[in-house]
Every structure is written in structure tokens, then in C-alpha cells.
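Have a look at the structure below before the remarks.
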Amino acid sequence: MELASVVLIDDDLFTRTTLTAALAGSGINVLSVAENGSIGLEAVKNLNPDVVIADLDLGPGPSGIDICHAIRMTKPSIGLILLTSFTDP
């Protein structure tokens, strides 16, 4: 049984791989995995997931917050989860 559909946006290969396996193993359909914000935004636009999981720091370019703001403008009811390994808020 599929619990939700997700687009995952993270610039770290290990994190993308590990989260994808954990989510899929828990019955969550990972529709797309993106290594940067522009690829992630395109996936969200084309695939219409229930939830987007985005890293806060995506390297050069827009941050995860920027990506979430852009998604929220066009899909106000989508679930958004931000990830970070920063210890200082």
C-alpha cells in the first residue's frame, strides 16, 4: 500500500540514496530524486507529489527554503519537509 508520493531534493549522494531506500522500504513512493533545486522544481511540476523533502543547503544556487517558497506559490497544499545537518539554528 502506497502511503504517499515524494520528490526528494538533496545535493548529497549518500543522503539521497539512503533516504530513497528508507522511504521506499516504508511504503512511500519516491517519484523522483533530484540533486539540485532546478531539477527538483521541474520534477514537482511534472509529477505532482504529495510531499517534497528538501535539504536546507543545496550548495550553489537556491537554498531549500527558496525551493520550498517557490513550490508553495504554485502548490499551496503540498507537504514540505526541510532537512539539515546544521547543529546551529
Side-chain angles (χ1 to χ4, degrees):
M1 176 172 111
E2 180 183 307
L3 300 176
S5 60
V6 171
V7 167
L8 172 62
I9 308 169
D10 198 301
D11 62 326
D12 181 71
L13 176 61
F14 177 77
T15 303
R16 289 192 312 265
T17 305
T18 304
L19 274 176
T20 299
L23 292 167
S26 298
I28 295 171
N29 183 15
V30 180
L31 299 174
S32 180
V33 179
E35 63 188 38
N36 64 50
S38 60
I39 295 171
L41 284 173
E42 193 65 27
V44 171
K45 179 180 145 188
N46 293 331
L47 300 172
N48 198 32
D50 300 315
V51 177
V52 173
I53 301 174
D55 186 18
L56 179 63
D57 181 9
L58 294 169
S63 71
I65 291 174
D66 298 329
I67 298 305
C68 288
H69 278 261
I71 292 168
R72 181 65 73 209
M73 296 300 288
T74 60
K75 298 184 181 299
S77 64
I78 196 168
L80 298 171
I81 299 171
L82 274 172
L83 302 175
T84 187
S85 61
F86 292 146
T87 56
D88 185 2

ask   = Okay, side chain of Asp11, backbone of Asn36: is any donor-acceptor separation there less than 3.5 Å?
value =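 Answer holds: no.
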Identify every side-chain donor-acceptor pair in residues 27-35 under 3.5 Å, counting partners at least two apart or on other chains, and give the distances.
unit_1, atom_1, unit_2, atom_2, d
Asn29, ND2, Glu2, OE1, 3.3

query = Can you name the closest pair of heavy atoms from Asp50 and Ala4 and give their distance?
reply =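 Result for this residue pair: OD2-CA, 3.4 Å.
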Minimum heavy-atom distance between Ser26 and Leu3, given as atom pair plus value =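 In this case the closest contact between Ser26 and Leu3 is O-CD1, 3.3 Å.
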With side chains defined as the heavy atoms from C-beta onward, is the minimum distance between [X] and [Y] less than 4.5 Å?
| X | Y | value |
| --- | --- | --- |
| Ile81 | Val6 | no |
| Cys68 | Leu82 | yes |
| Ile53 | Leu23 | yes |

task = Would you mind listing every side chain to side chain donor-acceptor pair (under 3.5 Å) that reaches into residues 68-78, with sequence neighbours excluded?
result =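 Qualifying pairs: Asn48-Lys75.
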Among all residues two or more places apart in sequence or in another chain, which pass the side-chain hydrogen bond (donor to acceptor under 3.5 Å, both in side chains) test with [X]?
| X | result |
| --- | --- |
| Thr17 | none |
| Thr15 | Asp12 |
| Thr18 | none |

ask   = Val44 and Ile78: side-chain contact (heavy atoms from CB on, under 4.5 Å), yes or no, with the steps?
value = CA-CA 10 Å; Val44 171; Ile78 196 168; 4.2 Å; yes
message = With clusters defined by side-chain heavy atoms of hydrophobic residues (ILVMFWY) lying less than 4.5 Å apart, directly or transitively, does Val51 cluster with Leu19?
response =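 Yes, Leu19 and Val51 fall within the same hydrophobic cluster.
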request  = Tell me whether Ile67 is reachable from Val7 by hopping between hydrophobic residues (I, L, V, M, F, W, Y) whose side-chain heavy atoms are closer than 4.5 Å.
outcome  =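 Yes, because Val7 and Ile67 connect within a single hydrophobic cluster, where side-chain heavy atoms sit under 4.5 Å apart.
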Side-chain donor-acceptor distances from residues 54-65 under 3.5 Å, at least two apart:
unit_1, atom_1, unit_2, atom_2, d
Asp57, OD1, Gly59, N, 3.1
Ser63, OG, Ile65, N, 3.3
Ser63, OG, Asp66, N, 3.2
Ser63, OG, Asp66, OD2, 3.3

